[in-house]
Amino acid sequence: MHSICFQATGVPRSNYIFDSCSPALAVSKPINLRFCGLRKEAFGFSGLAHSSSGRVRFSSRGHSKKVSASAESNGSPPKSFDYDLIIIGAGVGGHGAALHAVEKGLKTAIIEGDVVGGTCVNRGCVPSKALLAVSGKMRELQSEHHMKALGLQVSAAGYDRQGVADHANNLASKIRSNLTNSMKALGVDILTGVGTIVGPQKVKYGKVGFPDNIVTAKNIIIATGSVPFVPKGIEVDGKTVITSDHALKLESVPDWIAIVGSGYIGLEFSDVYTALGSEVTFIEALDQLMPGFDPEIGKLAQRVLINPRKIDYHTGVFATKITPAKDGKPVIIELIDAKTKEPKDTLEVDAALIATGRAPFTNGLGLENVNVVTQRGFVPVDERMRVIDTNGNLVPHLYCIGDANGKMMLAHAASAQGISVVEQVTGRDHVLNHLSIPAACFTHPEISMVGLTEPQAREKAQKEGFEVGVAKTSFKANTKALAENEGEGLAKLIYRPDNGEILGVHIFGLHAADLIHEASNAIALGTRIQDIKFAVHAHPTLSEVLDELFKSAKVKAAALSHGPVSEPVAV
């Protein structure tokens, strides 16, 4: 579902991946959530740490789609190397790779032209979780019914906007400092400046106005991440028309804010703004809100997260033009019908948040020097994250992970891809199963998921000729949830009755983001329902929601003899 605010102007729209509210998109691809993969070391618990979705600030040079002649002059790889591994981008992906590389004994350098931590730590999952922590407590304190049910009496809850903003900023600063110090302690060389590939196994870096430095490495990982995508026709002023980068600073809490896009980013900010007193209007291109979620979970989430709150919405429309507030006039949003392109409505609001997804940050990487052309801005890679050139051949010793390759735009996916690459360059073949990587939306209550949605599973079943089973459990039957007076929620399991394979798990409810990992680990390890049913869960805990879910699945008797589980498809 945020590094420094990069301008998207001058870059073709086709270079981006974004949410369904953009008029250029026919099918939503809501893989834009800013999730974090920080290890405990980032919080100062030891000498190791994780960072955020790796990215480095590059110069504004346009990316040529032609093979540069410089590929010839720089075409010979060096005979000796400065490093075993160079990583361009010190976010979660880059840092995860660096940490694993050091564990494997590799001499490692990481190039960063902005600040360590990338999107997640500085303008993403870390500060957003600080704001969401505040919104969660505000909701609890503001709910007279909830407090009364617990026997509590609380006077009117209020907040200090600057204090809330400082909480988010201070957390980001602390984590960023810990990450930087931990990498230095690990012996990772942090090279400050703009990173550009100048030839095979060769990178230059430096700051504007200073001479460039050239370093060589046996292997290079691109981990440059992404930036907020702003569709054509939308004018961002950073005050009244903003991206998530600006919103996380919480410089104001508008009375009425329009959020363009109802994916992860939009949902999380709607949770924050409504808790702090704003009215919200969603603008969504598809016919339903929350595209990309399992439809059943999405309907329940809408009933709980949207309908009771001060939120209205326009679906099936594009925001073709948004003009910032000026000269006493409000923000003006012009809407057209997503199908007919006919004018639909004009909104006047106090502010607009553009939550239309993320764009790969790959311009200026020097990919033309190794005969590589991006595809819609993404670096083409195979299932092992090896970069592919214009002829369809692998570029030796060059890898790309995270948002820059577009396989799965989640920070922890970037970290997992980085670890997978390090495994490969140290002699152990490894292919990451992306269907085992969980995702979460940190609303109140939370939403989490792993694997396939029910429609995706049924489509796969029809093609491959197997049956799909669905099991569900409610949080209303869970003792711990009821003790917290948080019984609203559902867990859903999608599986194969013939062999017990888990195809997908979706959770909406209290601490859903924490609960999903039992399911994601089961998928990663190939654990079947008939085996996981015997796992013991402490009572009373929320984990029993998953316990009951697996136990309620009906696996056929033949599967109990451990029939084959289908091989996951590499993504």
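Small disclaimer: the values here were computed from a predicted structure and weren't measured.
In this structure the side chain of R303 reaches within 4.5 angstrom of the side chain of E488, judged on heavy atoms. Between L549 and V505 there is a side-chain heavy-atom pair separated by less than 4.5 Å. The shortest distance between side-chain heavy atoms of L276 and L250 falls below 4.5 Å. Inter-residue side-chain proximity for I494 and D294 is flagged as met; some heavy-atom pair is nearer than 4.5 Å. Residues T274 and R139 are in side-chain contact: their nearest non-hydrogen atoms beyond the backbone lie under 4.5 Å apart.
Within a 6.0 Å radius of NZ in K137, no more than 12 heavy atoms belonging to other residues, nucleotides or ligands are found. Counting heavy atoms of neighbouring residues, nucleotides and ligands inside a 6.0 Å radius, atom NZ of K551 exceeds 12 of them.
Donor-acceptor pairing under 3.5 Å is recorded for the side chains of E518 and H537. At a cut-off of 3.5 Å, with distance as the only test, no side-chain donor of D287 or T315 sits close to an acceptor on the other residue. In summary, the side chains of S135 and D271 do present a donor paired with an acceptor at a separation below 3.5 Å, with no hydrogens or angles considered.
Salt-bridge formation is detected for the pair E423/K104: a Lys NZ or Arg NE/NH1/NH2 atom is positioned less than 4.0 Å from an Asp or Glu carboxylate oxygen.
No close placement of the F282 and F269 rings is indicated, their centers lying 6.0 Å or farther apart.
Annotation: the span from N405 atom CG to M409 atom CE amounts to 9.0 Å, rounded to 0.5 Å.
Counting only distance, with no hydrogens or angles, the side chain of T243 and the backbone of D245 share a donor-acceptor pair below 3.5 Å.
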